[in-house]
Amino acid sequence: MLSRSHRLMLLIGVLVCSLFLTSLSFGEVTLDQSVFEKANIDWRQFEGETINLLLCKHPMASTFLELIDEFEALTGIKVEALSLPEQQFFERQTIVLTSSSPEFDIVMTSPMLNWKFIPGGYLEPLDQYLNNPELTDLDFYDMDDFVEMAIEASRVMDNLYAIPAQLEAYALYYRTDLFSKYGIKVPETLDEIYEAAQKLDEGFKNDGITSILPFSVRGVKGAGTINSAYLTLFSSYGGRDFDEEGNPAIYSEPVVEMTDLWIKLIRDFGPRDWPTLDWYDVKDAFASGSVAMLIDADHWGGELSDPAFCSVSEDWAVALAPRGPEGIKSNIWAWSVGMNAASNHKGAAWLFLEWATSKPVMLIASSEYNNFTPTRYSAWNDPVIVERTSKWGNGTCREVVTQNLEKYAALRWTPNPNAFTLSEVWMEMLHNVWSGSMTADEALKQVNQRAQRLAPPKEWLK
Amino acid sequence: MRHVLYYFLLALLVIVFVFPMYWTFTLSLKTHSDIVSPVPKFVFKPTLMNYRGLFTGETGTTSLPASKPDFPRYFLNSFILSGMSTLLAIIIGVPAAYVLVRGKFKEESTRESIAFTLLSFWFGPEIAIALPLYRIYQSIGLLDNYLGLILIYQLIGIPFVVWMSRSYFMDIPISVEEAALIDGASPWQTFRRVSLPLAKGGLAATALLTFIFCWNNFVFALVVGGQNTMPVTTGSLGFIRYEAVLWGQMAAAIIVSAIPEIILALLVQKHIVRGLTFGSVK
């Protein structure tokens, strides 16, 4: 007979063992290799080399991890990958690139992140590989298939620093059931959003509804907050961060008015804990039915249409971001794939980049791993993807995203290594306006003043 | 009347400490929509989906594709790292503590100087050494390596083990050891056969607490760990996915990660109180 402590030890042992036995293997997704073999390049020219990928947990990373075997079979290049959660990824990326460590050959990045690493020469410009017929078959790769503004956003001083793989622009989500109940038409401007919020608020008060907020948006201090709804509105009111000479141009009258109204909207009808809310908080709030209007990333249709994720999956739609005096001008964020300038295997790394952002891989990334919105039209317009995305948001999603891709979205920052710092300063000032310790006018003057020290290098200006 | 007040305050304390655990447990049994419900749900239909998801990678929704389950690996890593670190800390720390108590020093102040030097490793924030640590580990190839993490965990383990076991050895009357010496035992035999068995209970508690401290460490694993050595603490950040935060799976991971600690705590419960009040006036 075992003693009590031995039995407990045995229990721990059994528990640990069973944990590992239950981790199951995965269903296989395969690529049609013949498509790659038709490309007019020698895929095996770097056979025997090993490359390392530094990835952020993202649909693209899942795609790469799943399909690595196929790349290895095609090229004979061995691939190792490290995939980290977002926060850890940012830290590791900075350490690896800025120490010129050849530890990783491929890194995930984005336009704003590129700018951090370009001044030190830490990111490899890609045009030389793209235009080398030994390495790239341009007919197979088809650059014209990419959303042009995404490629533009990845250029600095006419050099291409990364290949964008996933895009987000910004849009207005709203609850169709509440809008029809209170007879509200879909708002097209910031003023109309304010009016709609007012009507919703009155309606909720009359009906004794306390669990739904008329409006919400993320507000946490971080680059993502300024980058999303705020910069979109700012640009549609004619705002610019810097002028052609690189002087701060943030302060202007229309922008002050816009900021004033924006903060008023959040203060009057938005969440009480606005400065602490990140994208997942507002997304969860909308999914739980406790928010009537929300401005954020336009690719959330899939999750919000899923009844297991969203309790109001049938009762929402999406509209373009509000129109300002200058029209609709959504900003973007683009997850991309780039190359470490300190890599010792640049040729092999480029073959991986070419393969990883090719049409077949990008299509699988979207169809199997939720990579939305893809940067390739061939993926976005694939029949499987069209069928799936057309259902989202009562049929409104696909149209809004397509219009963003084609017309309304583009990078609104001036390329600038200090964009992250500037957006933090900016957010701090918006928090001050929200808490009432500053007026919008004072806040924007401050941001403008502090932006003088955060100007982009002169040679980056177009 | 005083009893009523006493039990009322006690009940209040229990609620304060137990409620977060209870709430995390209920989260682990909820679906995503129950979790984000605007009104907190106390009554809901429980599901084991989140626990299954930890080991299969499924998310319970069609819109979030399944991914390779990392959690079992993280869990195993936590076990290896905490277990080996504790073992090493005990092997080094216990004899060191014994020497600090019974050893002869030229100057009596040396004894305390050494002890306080060790204790001082706990004073600074761990993040303060993050960058030099990374550079050193990078140059000697200890990044993302079990040995590297086990070594740096000694910064937590050894000072704690030394100070804890020192107090246990101090409690043993010196006359017991002197009796052993008179009977012809060598100093090593005295340590091995007399002092060590007498301090056994306390050492068990020390080992357990060291294990818990290592298990809960976040910073070192973040700085010098990697894909292969990631423990549950840093690995749990992975539940913040690109599309959504998997709150349910995160809660399930917390519950599963706490199980070994709870079982170990039950094993040496009676010694633990002593460990927790360590440093208070005797």
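Residue numbering restarts at 1 for every chain, and letters A, B, ... go by the order of the sequence lines.
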Asker: Less than 4.5 Å to any heavy atom of chain A: does that hold for the side chain of B:Ser33, its backbone, both, or neither?
Answerer: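 For B:Ser33, backbone and side chain are both near chain A.
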
Asker: Of all residues at least two apart in sequence or in a different chain, which pass the ring-ring contact (aromatic ring centres under 6.0 Å, His included) check with A:His58?
Answerer: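 With neighbours one apart ignored, the set is A:Trp335, B:Tyr242.
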
Asker: Is it the side chain or the backbone of A:Arg92 that comes within 4.5 Å of chain B heavy atoms, both, or neither?
Answerer: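 Side chain only.
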
Asker: With heavy-atom distances below 4.5 Å as the criterion, would you say the side chains of B:Met230 and A:Leu84 are in contact?
Answerer: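 Sidechains of A:Leu84 and B:Met230: in contact.
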
Asker: Which region of A:Ile212, side chain (C-beta onward) or backbone (N, CA, C, O), has a non-hydrogen atom less than 4.5 Å from a non-hydrogen atom of chain B, or is it both or neither?
Answerer: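 Neither part.
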
Asker: Heavy-atom distances under 4.5 Å only: say whether A:Lys283 touches chain B with side chain, backbone, both or neither.
Answerer: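 Side chain of A:Lys283 only, per the 4.5 Å heavy-atom cut-off to chain B.
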
Asker: Test your reading of the model: is there a side-chain donor-acceptor pair from A:Ser288 to the backbone of B:Ser37, 3.5 Å cut-off?
Answerer: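 No: the side chain of A:Ser288 does not pair with the backbone of B:Ser37.
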
Asker: Of all the residues in residues 125-147 of chain B, which have a heavy atom that comes within less than 4.5 Å of a heavy atom in chain A?
Answerer: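 Heavy-atom contacts from residues 125-147 of chain B to chain A are B:Tyr134, B:Gln138.
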
Asker: Could you go through the side chain to side chain contact (heavy atoms under 4.5 Å, CB included) check for B:His32 and A:Asp284 one step at a time?
Answerer: CA-CA 9 Å; B:His32 189 87; A:Asp284 279 347; 2.9 Å; yes

Asker: Counting only heavy atoms from other residues, nucleotides and ligands, does the tally under 6.0 Å from CZ of B:Phe44 exceed 12?
Answerer: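 Result for CZ/B:Phe44: enclosed.
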
Asker: Is any side-chain heavy atom of A:Pro85 closer than 4.5 Å to a side-chain heavy atom of B:Ile240?
Answerer: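 No, their side chains stay 4.5 Å or more apart.
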
Asker: Counting only heavy atoms closer than 4.5 Å, note whether A:Glu80 contacts chain B via side chain, backbone, both or neither.
Answerer: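 When you check distances to chain B, no heavy atom of A:Glu80 falls under 4.5 Å.
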
Asker: Are there residues of residues 214-225 of chain B that reach to under 4.5 Å of chain A by heavy atoms, and which ones?
Answerer: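 So the qualifying residues are B:Leu222, B:Val223, B:Gly225.
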
Asker: At what distance, to the nearest 0.5 angstrom, does CG of A:Leu82 lie from CG of B:Asn228?
Answerer: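 The CG atom of A:Leu82 sits 8.5 Å away from the CG atom of B:Asn228.
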
Asker: Examine whether an atom of A:Ser305 lies under 4.5 Å from a heavy atom of chain B, and if so say whether it belongs to the side chain, the backbone or both; otherwise answer neither.
Answerer: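 Interface part for A:Ser305: neither.
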
Asker: Are A:Phe309 and B:Thr59 packed together at the side-chain level, in the sense that at least one heavy-atom pair is separated by less than 4.5 angstrom?
Answerer: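 Sidechains of B:Thr59 and A:Phe309: no contact.
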
Asker: Under the side chain to side chain donor-acceptor pair (under 3.5 Å) rule, collect the residues that match up with A:Thr389, sequence neighbours excluded.
Answerer: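 Result, side chain to side chain donor-acceptor pair (under 3.5 Å) vs A:Thr389: A:Arg398.
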
Asker: Relative to chain B, which segment of A:Ala81 carries a heavy atom at a distance below 4.5 Å: side chain, backbone, both, or neither?
Answerer: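 The backbone, not the side chain.
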
Asker: First locate atom CD of B:Glu243, then atom CH2 of A:Trp279, and finally report the distance between them rounded to the nearest 0.5 Å.
Answerer: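 The distance works out to 7.5 Å.
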
